[in-house]
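Note that the structure is predicted; figures quoted are calculated from it, not measured.
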Amino acid sequence: MPITAADLTTSADPASLAAPRVHLMGVPVDGVTETQAVGICLDAIAQRRQVCIVPINASQTILAHENPNFRSVVQGFELALADGKAVAWGAKWIKRLPIPEQVGLPPFVHRLLGAAELYEYSVFFFGAEEEIVQQAAARARQRWPRLLIAGCRNGYFKPADEAGIVAAVNDSRASILLVALPSPMKEMWIARHKRELRAPIIVGVGGLFDVMAGKVRAAPEPIRKLGLEWVFRMVQEPQRLFKRYMTTTPLFVFRLLTGYEPPKVAGE
């Protein structure tokens with residue numbers, strides 16, 4: 001369905017754009033709907049203030065438990081989305097936290113790109129293999145013909161290359177930077193460079209470019225609504241995802257039901 005300005009209008013009341021933050025087992029999650037999340041992004045671009053966005057799912061939660069440095073970094077992101085169905089359900093129905101809905105990363109990013117096309121905000125694609133990032137950008141341009149692609153850069157680099165990547169993003173004058181690196185690499189990279197980057201919106205998108213490029217199929221809407229997107233992905237990439245999902249998802253559920261709370265880290 002085409003996006004219209006009415007779908008994405010930001011509120012005149014700044015308070016309505018504030019995301020109420022809660023913590024689910026020590027990990028931040030912001031109580032926003034998908035519409036509100038996109039509105040926060042549009043408002044940030046208009047105001048030229050930076051919002052770094054991290055998706056929170058079961059895997060990210062367990063990683064945050066096992067890696068205190070990662071958890072500390074995530075606390076500093078301005079927007080933490082309830083990306084995983086387990087996170088959204090667990091927060092709302094088990095912990096009774098004010099999380100209105102799941103904000104899945106793929107539909108959120110797609111809606112954000114639709115808004116970028118509508119308002120002529122440019123997007124920089126960073127991460128994944130060279131072929132994948134180029135295909136992702138090309139397919140994005142096919143889906144949103146007026147989308148402004150500020151630039152593309154693959155995710156293979158050495159520490160000495162990082163200053164050049166930041167410079168390339170800044171020189172492109174992109175309003176939105178999509179960072180398709182694995183966790184915790186993408187969060188650490190964003191945290192390390194956020195003060196240097198001039199893009200108002202920086203989103204850690206993980207393996208989303210694989211989906212956008214057509215390398216991996218996106219889960220159909222009925223599967224997503226049932227919270228079984230992880231199963232759909234695991235069937236497509238069993239070697240990469242079987243161990244991850246078969247360990248982190250049961251552990252997430254166990255810790256949720258037993259009231260687990262990780263030791264505090266700096267900034268909490």
Side-chain angles (χ1 to χ4, degrees), residues 1-3 7-8 34 37-38 41-42 45 51-57 59-60 79 81 83-85 102-157 165 168-169 172 174-183 185-187 189-190 199-225 228-237 240-241 244:
M1 179 183 298
I3 290 179
D7 294 325
L8 297 165
E34 182 182 284
V38 174
C41 293
L42 297 180
I45 295 173
V51 173
C52 297
I53 302 171
V54 60
I56 302 297
N57 52 38
S59 180
Q60 294 279 80
L79 193 57
L81 302 178
D83 170 47
K85 183 68 78 174
Q102 177 189 13
V103 183
L105 186 68
F108 164 73
V109 170
H110 288 169
R111 194 167 183 190
L112 181 61
L113 293 182
E117 179 193 41
L118 183 66
Y119 291 105
E120 299 183 345
Y121 295 144
S122 60
V123 183
F124 195 104
F125 289 68
F126 167 47
E129 299 173 359
E130 181 66 23
E131 182 181 2
I132 294 297
V133 67
Q134 293 293 341
Q135 287 180 355
R139 287 194 172 207
R141 192 178 284 110
Q142 289 175 2
R143 181 166 180 174
W144 300 281
R146 296 182 305 279
L147 181 66
L148 302 175
I149 307 294
C152 297
R153 209 285 184 187
N154 67 59
Y156 292 84
F157 57 90
I165 295 171
V169 174
S172 77
S175 295
I176 300 168
L177 170 61
L178 304 180
V179 181
L181 302 174
S183 291
M185 184 179 179
K186 68 177 180 293
E187 291 82 8
W189 191 92
I190 293 170
I201 304 301
I202 305 174
V203 191
V205 300
L208 183 60
F209 288 178
D210 287 342
V211 177
M212 295 179 69
K215 180 181 177 181
V216 176
R217 287 178 58 205
E221 185 69 12
I223 290 178
R224 284 203 318 104
K225 287 186 175 180
L228 296 175
E229 185 176 11
W230 63 277
V231 176
F232 189 85
R233 289 188 59 198
M234 185 176 66
V235 169
Q236 293 185 78
E237 302 180 89
R240 187 173 74 88
L241 297 177
R244 169 180 157 187

- request: Begin with the C-alpha distance, continue with both residues' side-chain angles, and end with the deciding distance and a verdict on side chain to side chain contact (heavy atoms under 4.5 Å, CB included) for R143 and H110.
  value: CA-CA 10 Å; R143 181 166 180 174; H110 288 169; 3.4 Å; yes

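For the atom pair NZ (K186) and CG (L181), the distance works out to 8.0 Å, reported to the nearest 0.5 Å. Separating the CD1 atom in I176 from the CD1 atom in I45 is a distance of 4.5 Å, to the nearest 0.5 Å. Considering CG of L118 and CG of L42, their distance stands at 8.5 Å, rounded to 0.5 Å. Once rounded to the nearest 0.5 Å, the distance linking CZ of F157 with CH2 of W189 reads 7.0 Å.
At a threshold of 4.5 Å between non-hydrogen side-chain atoms, the residues F108 and V38 count as touching. Looking at E120 and R146, their side chains never come closer than 4.5 Å, going by heavy atoms from C-beta outward.
With sequence neighbours excluded, the residues that form a side chain to side chain contact (heavy atoms under 4.5 Å, CB included) with I190 are C52, F77, V179, I202. With sequence neighbours left out, the ring pair (Phe, Tyr, Trp, His ring centres under 6.0 Å) criterion links F125 to F209.
Among all heavy-atom pairs drawn from R139 and M212, the shortest one is CD-O, 3.0 Å. Nearest heavy atoms, W144 versus G114: NE1-CA, 3.6 Å. L177 and A199 make their closest contact through CB-CB, 4.2 Å (heavy atoms, listed as atom of the first residue, atom of the second, distance). Of all non-hydrogen atoms in A213 and I132, the two that sit nearest each other are CB-O, 3.7 Å.
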Contacts table for residues 147-156: side-chain donor-acceptor under 3.5 angstrom, sequence neighbours left out:
residue	atom	partner	partner atom	Å
R153	NH1	Y156	O	2.7
N154	OD1	Y156	N	2.9
N154	ND2	E130	OE1	2.9

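Of the possible donor and acceptor atoms, one in the side chain of Q60 sits under 3.5 Å from a partner among the backbone N and O of P55. The closest donor-acceptor contact from the side chain of D83 to the backbone of L105 lies under 3.5 Å.
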